[in-house]
Amino acid sequence: MSARVLSGKELAASIRAEAAERAAALAADGRPPKLAVVVATADESSAWYVRSIARAAEKAGIACDIVDLGAEAAPGLIRDTLTALSADDEVHGIILQTPLPQGAKLEDLAGAIAFEKDVDGANPLSLGRLAAGLPAFAPATAEAVVAILDHHEVDLTGLHVAMVGRSTVVGKPAAHLLLDRNATVTVCHSRTRELPAVTSAADVVVAAVGRAGLITAEHVRAGAVVVDVGTNPTEDGGLVGDVDAVAVADKAGALTPVPGGVGPVTTALLLRHTVNAAVNATGNASVQAAGRG
């Protein structure tokens with residue numbers, strides 16, 4: 001069996017085009033959307049990701065300010081920066097990039113991001129509303145998991161999904177989004193006993209742990225759909241996922257690639273969320289909001 005490739009490139013291009021069209025309408029009305037990305041790390045993979053967001057935003061006509069506080073930034077400085085950006089009427093979306101300096105925790109700082117501008121769903125208020133089924137910006141990576149399955153017409157109704165990973169960035173919010181689509185979700189983690197037995201019983205496996213090659217052929221039943229969220233850098237500067245793609249492709253029915261799968265959809269959704277936040281802030285009824293946020 002050779003797994004069907006669930007590429008995210010076409011979907012990402014469609015979302016970016018939609019965001020660009022709506023951003024242009026806002027700009028014509030004198031209220032161009034603006035995204036601020038707060039960075040407090042020297043991590044190169046993080047820097048690459050931030051640059052990719054900035055490039056995508058520029059192409060979509062969305063202003064993007066990279067607020068680099070330095071890798072030694074104190075938690076107080078990060079919080080004050082987020083608070084100031086939240087009060088800035090010209091800024092519509094805010095992202096706090098991870099990893100953070102020693103002593104700074106995302107869960108402690110994300111609450112300083114105004115709920116209305118929390119375009120990557122980091123604020124505990126956003127996560128709580130998401131869990132309650134209320135309007136909120138979902139973490140973009142978690143939303144990308146469901147979006148890519150929708151795009152490739154994978155009907156989640158009644159399917160058993162094994163969500164491998166329980167972070168507040170992907171695992172937990174993705175589980176809620178999958179439940180919203182009437183899937184039956186089992187959340188697995190580092191202390192799950194006999195992980196292969198659990199995942200190989202599932203119709204869909206979502207891997208979001210950050211460990212290269214964690215999911216092998218023994219973790220997947222024949223014909224299953226596998227979504228690889230992992231982005232693990234290699235020594236030669238490339239990226240590999242959490243799934244052993246070569247082994248799993250011979251057994252799974254469908255598999256997202258790394259790169260080119262969840263990643264580009266995540267970036268595109270951040271642009272959509274920023275435009276949605278700008279629409280909500282300006283009250284521009286001529287530019288409709290799209291998606292969850």
Side-chain angles (χ1 to χ4, degrees), residues 16 19-20 22-41 46-47 49-101 104-130 135-140 169 266-293:
R16 290 195 302 267
R22 294 167 60 234
L26 287 167
D29 198 35
R31 295 297 299 270
K34 185 175 183 178
L35 173 66
V37 184
V38 178
V39 180
T41 179
S46 176
Y49 178 60
V50 170
R51 289 194 295 269
S52 71
I53 293 174
R55 287 193 299 269
E58 181 181 5
K59 290 179 180 178
I62 299 171
C64 183
D65 285 353
I66 308 300
V67 184
D68 192 346
L69 302 179
E72 303 300 323
L77 174 60
I78 299 172
R79 178 178 294 277
D80 289 347
T81 301
L82 295 173
T83 300
L85 291 169
S86 293
D88 187 341
D89 290 339
E90 293 187 359
V91 174
H92 302 106
I94 302 170
I95 297 172
L96 176 57
Q97 182 60 29
T98 56
L100 295 170
K105 296 181 179 180
L106 179 63
E107 57 267 30
D108 294 337
L109 296 171
I113 302 174
F115 161 71
E116 299 82 0
K117 301 183 180 186
D118 184 28
V119 293
D120 204 15
N123 189 322
L125 177 58
S126 300
L127 295 169
R129 289 179 65 88
L130 182 70
F137 290 114
V169 177
T266 297
T267 303
L269 287 171
L270 287 172
L271 303 182
R272 172 186 280 177
H273 289 180
T274 301
V275 173
N276 282 356
V279 170
N280 295 338
T282 60
N284 191 327
S286 65
V287 184
Q288 297 296 317
R292 291 187 60 89

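Sequential numbering from 1 along the given sequence is applied to the chain's residues.
With contacts defined as side-chain heavy-atom distances shorter than 4.5 Å, the pair Pro75/Leu100 does not qualify. Two residues are said to be in side-chain contact when any heavy atoms from C-beta on lie closer than 4.5 Å; Ser46 and Gln97 meet this criterion. The closest side-chain heavy-atom distance from Leu130 to Pro139 is below 4.5 Å. Ile66 has its side chain within reach of Val50: a pair of non-hydrogen atoms, C-beta onward, lies under 4.5 Å apart. Under the 4.5 Å side-chain criterion, counting only non-hydrogen atoms from C-beta, Leu26 is not in contact with Pro32.
Atoms SG and NZ, on Cys64 and Lys59 in that order, are 13.5 Å from each other to the nearest 0.5 Å. In this structure, CD in Glu107 is found 11.0 Å from CG in Leu127, a value given to the nearest 0.5 Å. The CG atom of Leu271 lies 11.0 Å from the OG1 atom of Thr266; values are rounded to the nearest 0.5 Å. Asp65 CG to Lys34 NZ: the interatomic distance, rounded to the nearest 0.5 Å, is 4.0 Å. Between the CZ atom of Phe115 and the CG atom of Asn123 there is a distance of 8.0 Å, given to the nearest 0.5 Å. Expressed to the nearest 0.5 Å, how far CG of Leu109 lies from OG1 of Thr98 amounts to 11.5 Å.
Residues Ala19 and Val275 approach most closely at O-CG2, 3.8 Å, considering heavy atoms. The shortest heavy-atom contact between Ala40 and Ala73 is CB-CB, 4.1 Å.
A donor-acceptor contact shorter than 3.5 Å is absent between the side chain of Arg16 and the backbone of Leu269. Side chain of Asp68 to main chain of Gly70: a donor-acceptor pair is present (N/O by atom type, distance under 3.5 Å, no hydrogens or angles). The backbone N or O of Ala114 sits nowhere less than 3.5 Å from a side-chain atom of Asp118 that would complete a donor-acceptor pair. Using modelled atom types, one side-chain atom of Ser86 and one backbone atom of Ala112 make a donor-acceptor pair closer than 3.5 Å. Here the side chain of Asp120 pairs no donor or acceptor atom with the backbone of Ala122 at under 3.5 angstrom. Judged purely by atom type and a 3.5 angstrom limit, Arg129 uses its side chain to pair as donor or acceptor with the backbone of Pro135. Put simply, the side chain of Lys117 gets close to the backbone of Asp88: a donor and an acceptor are under 3.5 Å apart. In this structure, the side chain of His273 engages the main chain of Val119 through a donor-acceptor pair within 3.5 Å. Proximity of a side-chain donor or acceptor of Thr41 to a complementary backbone N or O of Ala71 within less than 3.5 Å is not detected.
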Audit row: Val38, Leu82, side-chain contact (heavy atoms from CB on, under 4.5 Å) steps and yes/no: CA-CA 8 Å; Val38 178; Leu82 295 173; 3.8 Å; yes
CA sep, side-chain torsions, deciding dist, call: Ile62, His92, side-chain contact (heavy atoms from CB on, under 4.5 Å): CA-CA 10 Å; Ile62 299 171; His92 302 106; over 6 Å; no
Trace of the side-chain contact (heavy atoms from CB on, under 4.5 Å) decision for Leu35 with Leu270: CA-CA 9 Å; Leu35 173 66; Leu270 287 172; 5.5 Å; no
